[in-house]
Amino acid sequence: MPRRQKVPPFSLVRKRIRQSFNKLNIYNAMTWRKNRPFNSQYRQLFFAKQESRAYHGEGLTETQFRNVFRSELTSVSPLQSKAKRDGVEQEIPHALQTFVALERRLDTAVFRALFASSLRQASQYVVTGAVKVNGVKISQPGYVLRAGDMFSVDPNRVLEGLGRPKPSAAEAITQTNRIIRKYNKYLERCRKSPRQMWKSREARRKRHVVYNSKQAAKENRAIEQHNKSIDTAMKREIDAVKPRLILETALKGEKVGGEKLAAKSGALLGLVRGHLPPKDEAGYSADEVRDISGRYYDKHEPGVAGVANKSDVKKLCAELVQLKQDEIRTSYSSRLRHLGKAAPYDPTWVDRLPQPIPEIDPETDPEEFAKMKLALPFSTTGKLYGLAEPEKRWFTPWVPRQFVAAMAVLPHHLEVSHETCHAIYLRDPVARPNHSEVISPFSLDMHERVHMWYNYRRRKNLARTGSA
Amino acid sequence: MTVGRRDLQKFLGRKNFKGYYTKNPLATTPAYAKFNNRSSYLPAWPIKSWHRQGKRLVDWPQVFAATNCEPTNQPFAENKYTRSNRLIGADLKAALLAELSKGATSQQLSFKYGIAVPRVEAVIRLNEVHQDLESKNAITTEMKKMARHMRAMFDEIRTDQNGVPERPVDDLTEIPIPKEVQTQRFQSIAESEPFGPVDAAKILGIEPAAVTLEKLTQEGDHHAEGSTKKEVSFIAPQLEGERSLFRFTDAKVGNVGYRYGASRDDRKHARRVRFLPNGHMTYPLPEHS
């Protein structure tokens, strides 16, 4: 088969936009400029053709493209368009249908469905038998899809194409050592100024997206548990505070509570003592205390006169109970931990940090790494960076390739399921008022020029040429 | 180092210690970004004339400093006609499939949710595949993670409180514009003669748009749009003395039989191909093509 001459795909001088998620291509697409000085109509047409053909069907020779090119530009229109109702005429971008024949190709559809990171890769998938159409393996990238065709790609190839590139063993060692060096420096800083590093660690955790979602939820659960236990202890203590107990504590000469309580308990003691025989500084004995409190709180026998100031003492005791309970509440509330608040500084945290990790010797046999378990505290897999599962063809654990989102377009003519790596070709991409389903980075006027170019050079006997 | 390469390095920014480009906003996948389900396309960071430093160099930090850019579904600045599609979200898909299990047809679903019939049918077919693979435990955690990342790059169809899309997703009254109307046709008629779209359709030899739309929305195979041609044939009356009946069928010169001297499809150049049911490509003989 004739092959197109190999050209550097991402030349920074030519700045051709390609069907690719390569970072160089993103740069070229971003800095690409249409306005160039033209001195003839031929140059305008040729420029338009040259630039757009680098994107549309870059693997096809001019002859191959002319074989599939159709000069008719088809479109759809709503029965009564909104534009007509509103009185605004919307243009149908007919010229964007110039490359519609290429969108029917299997390799283009695989790329458009975002199963490969470039058109070339999509072609390779087809050629190497990773693509099936309606359950049948097809190995021709130019296979023409029809409406309703379901195609699928081997999930392993999709993961490879859309995932971060797998590092070689040497690269993985270099990268791991870089991370180890960085971690060792961090350990050193932590031991040098622990309080400052604790603060920055807490701040970093707050900023971290993953931490905020998973780790923070875990921490919040722990906080809730802690608060619950504090609450239970507080309630138990509050329930234990009884007026009689307060009176007995005061009589024993023990401290009832804080400053406020001390003043009131003094008043209580004065009130009680006024009706009792005077005592020395040592206070009352335990039996006497029980006896005195009994006078106020036990039911006295009928016929025996009670203490005269009973109601006053009881009232004062009730006030003291209230104050004591408030004091307990205040003391416990300071021990409660609040959601989203940083954990209190723990001076022993530095002691729990590991010792500096020795770097990996680059001379070690790479095959040994598959067996050995590295003691890396920051790695859940304990393997070299990016090689958690070395038998797989992508960076493990899987992470998306960078720069994919910048040029990833969800097509209108395909329905894609990435979970199953299957997609359905709904119809040939169409042009409708103010919208074209053919995905292209180039403007309408450039497509008009391209159409002029190929319409002049089109094959006239189309009935007998081209693929079926 | 060339000027272009230096500019490229400025564009990419420095890699962090794990090898990621963290300074470039285009490098990040939106699953990690602040706005989930929002595309981040090139037109969000336009290069203005004051960003350019000479012929080749661009002040990239200035370009990427633009923070007031709205998320757009137009991936390329030059082409306003190309737009990214919107995903059918998990809830909408579940609603579709739930109604399907209650016996709704794809046409009824299409009408209710404003999604074109082929797309509804595709969602149903892909769900069957999903269920099949899931029953075989063929969908791995990595595939799920990949799907989550890919879906996070696109906007979803927004639904109201009833679970129906806020705006119709597809225009269900769309019909293909016939080839006949793309060229000019002149017909002289009297000034007093009424002339409407149906009359125009008659002159052009095409059916009225309403009829086409009705055909398209009828149940059945929607994929073969205009591909099936009705074969017109008739049996000629037998004349006296004739021993056979003649049947005449419409045919186009070049499509049937051979013309003497006509080239056959045995050249390597632009050869017609056919795929067998097992997926093998063959070059059919002219009589089979």
Side-chain angles (χ1 to χ4, degrees), chain A residues 12-13 23 26-27 29-30 34 67 74-79 93 96 114 136-138 140 147-148 150 155 159 162 175 178-179 182 209 398 400 402-412 415 417-420 422 424 426-427 432 435-436 439-444 463-468, chain B residues 4-5 8 11-12 17 19-21 26-27 29-30 32 40-42 58 75-76 78-79 81-85 87 118-119 122-123 125-126 129-130 133 139 142-147 149-151 153-154 171 173-177 179 209 213 223 254-255 265 270 272-275 278-279 281:
Chain A
L12 297 179
V13 180
K23 62 190 176 192
I26 306 294
Y27 169 75
M30 205 153 178
K34 189 179 78 171
N67 288 340
T74 52
S75 60
V76 295
S77 186
L79 207 54
L96 278 158
L114 306 166
V136 177
K137 189 176 86 181
I138 297 286
Q140 274 74 23
M150 182 192 277
L159 285 167
L162 299 176
Q175 195 65 53
R178 198 176 289 149
I179 296 170
K182 183 131 177 129
V209 179
W398 189 88
Q402 284 206 299
F403 293 99
V404 170
M407 271 169 105
V409 185
L410 192 68
H412 284 77
E415 185 61 28
S417 161
H418 267 100
E419 250 180 30
T420 54
H422 278 63
I424 293 177
L426 302 176
R427 57 174 176 267
R432 58 169 67 86
H435 180 221
S436 165
I439 298 162
S440 173
F442 305 106
S443 58
L444 184 61
R464 300 194 64 80
T465 57
S467 53
Chain B
R5 198 148 280 276
L8 170 71
F11 165 78
L12 294 173
F17 69 103
Y20 287 105
Y21 293 103
L26 294 163
T29 316
Y32 291 143
S40 55
Y41 289 132
L42 310 184
V58 177
F76 306 108
E78 290 280 335
N79 187 358
Y81 300 107
T82 292
R83 288 194 297 272
S84 188
N85 203 355
L87 286 166
R119 196 170 180 193
V123 169
R125 275 175 77 191
L126 287 171
V129 173
H130 188 272
L133 290 179
I139 302 176
E142 282 181 324
M143 284 160 74
K144 283 179 188 163
K145 188 180 178 186
M146 185 261 291
H149 277 280
M150 298 310 286
R151 290 180 72 83
M153 295 194 292
F154 305 109
D171 197 330
T173 66
E174 256 177 12
I175 50 160
I177 296 178
K179 239 186 263 175
L213 184 66
H223 307 310
N255 283 356
D265 266 347
R272 189 181 284 259
V273 295
R274 171 179 282 193
F275 284 86
N278 61 4
M281 194 191 81

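Below, each value reflects all heavy atoms present in this structure, side chains not excepted, and no hydrogens, waters or symmetry copies.
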Original post:
Between atom CZ of B:Arg125 and atom CE of A:Met150, what is the distance when rounded to the nearest 0.5 Å?
Top reply: 4.0 Å
Original post:
Side chain, backbone, both or neither: which part of B:Phe76 has an atom under 4.5 Å from a heavy atom of chain A?
Top reply: side chain
**OP:** For A:Gln140, check side chain to side chain donor-acceptor pair (under 3.5 Å) against everything at least two apart and list the hits.
**Re:** none
Subject >> For chain B, the option from A:Ile26, A:Ile138, A:Thr74, A:Thr420 that forms the most heavy-atom pairs under 4.5 Å >> reply: A:Thr420
**OP:** Might you point out which heavy atoms bring B:Leu12 and A:Phe403 nearest each other, and give the distance in Å?
**Re:** CD2-CZ, 3.6 Å
**OP:** Using non-hydrogen atoms and a 4.5 Å limit, figure out which bit of A:Leu162 sits close to chain B: side chain, backbone, both or neither.
**Re:** side chain
**OP:** Give, as side chain, backbone, both or neither, the part of B:Phe275 having an atom under 4.5 angstrom from any heavy atom of chain A.
**Re:** side chain
Original post:
For A:Val136, is it the side chain, the backbone, both, or neither that has a heavy atom closer than 4.5 Å to a heavy atom of chain B?
Top reply: side chain
Subject >> Most chain B-contacting option - heavy-atom pairs closer than 4.5 Å, from A:Pro411, A:Ser417, A:Pro155, A:Pro93 >> reply: A:Pro93
Original post:
Please walk me through it: do A:Met30 and B:Leu26 pass side chain to side chain contact (heavy atoms under 4.5 Å, CB included)?
Top reply: CA-CA 11 Å; A:Met30 205 153 178; B:Leu26 294 163; 3.5 Å; yes
Subject >> Choice from A:Glu415, A:Lys34, A:Gln175, A:Gln402 maximising heavy atom contacts with chain B below 4.5 Å >> reply: A:Gln402
**OP:** Name the option with the most non-hydrogen atom pairs under 4.5 Å to chain A; the candidates are B:Ala27, B:Ala122, B:Pro75.
**Re:** B:Ala27
Subject >> Candidates B:His130, B:Lys144, B:Arg151, B:Lys145 - the one meeting side-chain hydrogen bond (donor to acceptor under 3.5 Å, both in side chains) with A:Glu419 >> reply: B:His130
**OP:** Among A:Val404, A:Leu159, A:Val13, single out the residue with the greatest number of heavy-atom pairs under 4.5 Å to chain B.
**Re:** A:Leu159
**OP:** Would you give the length of the straight line joining atom CZ of A:Arg432 to atom CD1 of B:Ile177, rounded to the nearest 0.5 angstrom?
**Re:** 11.0 Å
Subject >> For the student: nearest non-hydrogen atoms of A:Leu426 and B:Pro118, plus distance >> reply: CD2-O, 3.5 Å
**OP:** Provide the closest heavy-atom pair for B:Pro176 versus A:Val76 in the form atom of the first, atom of the second, distance.
**Re:** CA-CG1, 3.7 Å
Subject >> Region of A:Leu114 that comes under 4.5 Å of a non-hydrogen atom in chain B >> reply: both
Original post:
Checking A:Tyr27 against chain B: side chain, backbone, both or neither under 4.5 Å from a heavy atom?
Top reply: both
Subject >> Residue pair B:Arg83, A:His435: steps toward the side chain to side chain contact (heavy atoms under 4.5 Å, CB included) verdict >> reply: CA-CA 7 Å; B:Arg83 288 194 297 272; A:His435 180 221; 3.4 Å; yes
Original post:
Checking B:Phe11 against chain A: side chain, backbone, both or neither under 4.5 Å from a heavy atom?
Top reply: side chain
Original post:
Taking atom CG of A:Leu410 and atom CZ of B:Phe154, what is their separation to the nearest 0.5 Å?
Top reply: 5.0 Å
**OP:** Name the member of A:Arg178, A:His422, A:Lys137 that forms the most heavy-atom pairs with chain B at distances under 4.5 Å.
**Re:** A:His422
Subject >> Between B:Leu133, B:Leu42, B:Leu126, the one whose heavy-atom pairs under 4.5 Å with chain A are most numerous >> reply: B:Leu126
Original post:
Non-hydrogen atoms of chain A under 4.5 Å away: do they reach the side chain of B:Ile175, the backbone, both or neither?
Top reply: both
Subject >> Under 4.5 Å from any heavy atom of chain A - which part of B:Met146 >> reply: both
Original post:
Quick one: OG on A:Ser440 to CG on B:Asn79, what's the gap to the nearest 0.5 Å?
Top reply: 5.5 Å
Original post:
Which pair of non-hydrogen atoms, one from B:His149 and one from A:Pro400, has the smallest distance, and what is that distance?
Top reply: ND1-CG, 3.5 Å
Original post:
Donor-acceptor pair, B:Tyr81 side chain versus A:Ile439 backbone, under 3.5 Å?
Top reply: no
Subject >> Most contacts with chain A, counted as non-hydrogen pairs under 4.5 angstrom, among B:Arg119, B:Arg5, B:Lys179 >> reply: B:Arg119
Original post:
What heavy-atom pair brings A:Ala408 and B:Met153 nearest, and what distance separates the two atoms?
Top reply: CB-CE, 3.9 Å
